[in-house]
Amino acid sequence: MSSTSSTGEQPASSTPTGLVAVAWALVGVPLVYGLYNTVKAASALFTG
Amino acid sequence: MAVPSFLARERIVARPGFNRWLIPPAALAVHLCIGQAYATSVYKVALVEHFNASLTEIGIIFSLAIVMLGLSAAVFGTWVDRNGPRAAMATAAVFWSSGFLVGALGIATDQLWLVYFGYGVLGGIGLGIGYISPVSTLIKWFPDRPGLATGMAIMGFGGGAMVASPLSRQLMNWYDEDYTGAAGEVASGNSVALLFVTLGLVYLAFMLFGALIVRVPAPDWRPHGFDPATIKQKSLVTTENVSANNAIKTPQFWLLWTVLFCNVTAGIGILEQAAPMIQDFFRDGGTSAVAAAAAAGFVGLLSLFNMAGRFVWSSTSDYIGRKPIYMVYLGVGIVLYVGLATIGSSAVWLFVGLAAIIISFYGGGFATVPAYLRDLFGTYQVGAIHGRLLTAWAAAGIAGPLIINGILDMQGEPGNLVASDYRPALFIMVGILVVGFIANLLIKPVADKWFEPKDTDTPTAAAEPERSTTR
């Protein structure tokens, strides 16, 4: 998951790793919330 | 139509060394929000009671939004490709958010037409622009794994409904203390209006965050160690480019349109009726072996497979190719549908398993199609071509429910149907999948006469290189 260039060399990343982590967390947290609730609802198929 | 300079494509060309893994969350920030469109059942009955309207009248709000999705994606696709993802995401955010706010005004003032105009028309335009806005950008950032990239974004559309459903129940519970979200309870219209305001503002912030962090690659950029010649070796994959106007003149576009239409129509056949269907399949006399709570769980399970299929199957297509994966979606889909119609009622686990895999193919079909378009038509105007292809979704959204509901209406009353009553509809779906399978088989490489001149790649970078700045 590295940064890349057209020159074939690997330049130092100009994107702070923290920003990438925060961005993934911002979309990941609601997604996990939704998944958790859906799995909980789906479990009724096997228990309800 | 010019956009403010801070939104322009030239302003968001990435610096060398930019981490491309910042692009999927930017795309997800948009798709997670617009995926709410599939969570409208949470407050549907509340709106029926508030407006003293029929289910059909309220259903028009959501049908209108999906039709506008297809139309706006087709009409604004070229604009999206020309102006870049930031302008498109910001525009989608404004339309989607305005749709909620105008809809809230309509609910608060008892004017249903305002809800039609707000959520249906404005929101629908936001849906269409938002859906296609990150797709071509992802394909350009991930030329080595386009299926994975588009799978991640379009998975977010499926995930958006999963987030919005429980969140909406929780918010309506806060705004209406008599509403707990239990089965049979209906929230007040006022709480739905406040829910719309909240969602409108939250989605605006979230989508603008995506617009803020999104970047486009420089025209000569490619991933480290990536050799485009390795992609070209696969059949059907071109390194040439075809414009959106020319793409729709090719048989490949319309064959793929047919493939998507058939795959979506077949999937909707199950999604539309999921909860009553599982109860009807295991009905003996007046009662079903599957309780209402378990049927709701079945709907949740299908949502999970719908979302997972978008990511898993689309990523798999990077390895086995786009045409073969659609042969799986449609060919195996035929076998599974026949299984559902003939032996599906023999055991609950079998019914659930067959339906879950069918729905995973439905999701996979959505997520893989942008990469298929990239293979056939290149990256030049893939967003605009994708937008035009999405009219197949709008058409399937009408055809799928019409077929399943029309057949079931002829078989008997809801609540008294049994497995055999579904067979005609299921076999029609098998026929539709056969048509899609044949259409996919007929797809061949695009003829050379449709290719753009060699210097055409990105819509604006080539035209205005002197204005390009890197971020």
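None of these values were measured; they are calculated from a predicted model. Residue numbers start from 1 in every chain, and the chains themselves are labelled A, B, ... in the order their sequence lines are given, proteins ahead of strands.
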Residue Leu28(B) versus chain A: region with a heavy atom under 4.5 Å: both

Residue pair Tyr33(A) / Leu167(B), side-chain heavy-atom distance below 4.5 Å: yes

Side chain / backbone / both / neither for Ala23(A) at chain B, heavy atoms under 4.5 Å: both

Residues in residues 301-310 of chain B near chain A [non-hydrogen atoms, under 4.5 Å]: Leu301(B), Ser303(B), Leu304(B), Met307(B)

Partner chain B: residue of Val32(A), Leu35(A), Thr17(A) with the largest heavy-atom pair count (under 4.5 Å): Leu35(A)

Pick from Pro24(B), Ala164(B), Ser165(B), Pro166(B) with the largest number of heavy-atom pairs that fall under 4.5 Å of chain A: Pro166(B)

Heavy-atom closest contact (Leu26(A) atom, Phe206(B) atom, distance): O-CZ, 3.1 Å

Where Ala293(B) and Ala44(A) come nearest, the two heavy atoms and their spacing: O-CB, 3.5 Å

Distance in Å, Leu31(A) CG paired with Leu32(B) CG, rounded so as to fall on 0.5 Å steps: 5.5 Å

Nearest-0.5 Å distance, CE of residue Met162(B) to CG of residue Asn37(A): 10.5 Å

Side chain / backbone / both / neither for Val39(A) at chain B, heavy atoms under 4.5 Å: both

Chain A contact via Val299(B) - which portion, at a heavy-atom distance below 4.5 Å: neither

Main-chain N/O of Trp24(A) paired with Trp21(B) side-chain donor or acceptor, under 3.5 Å: no

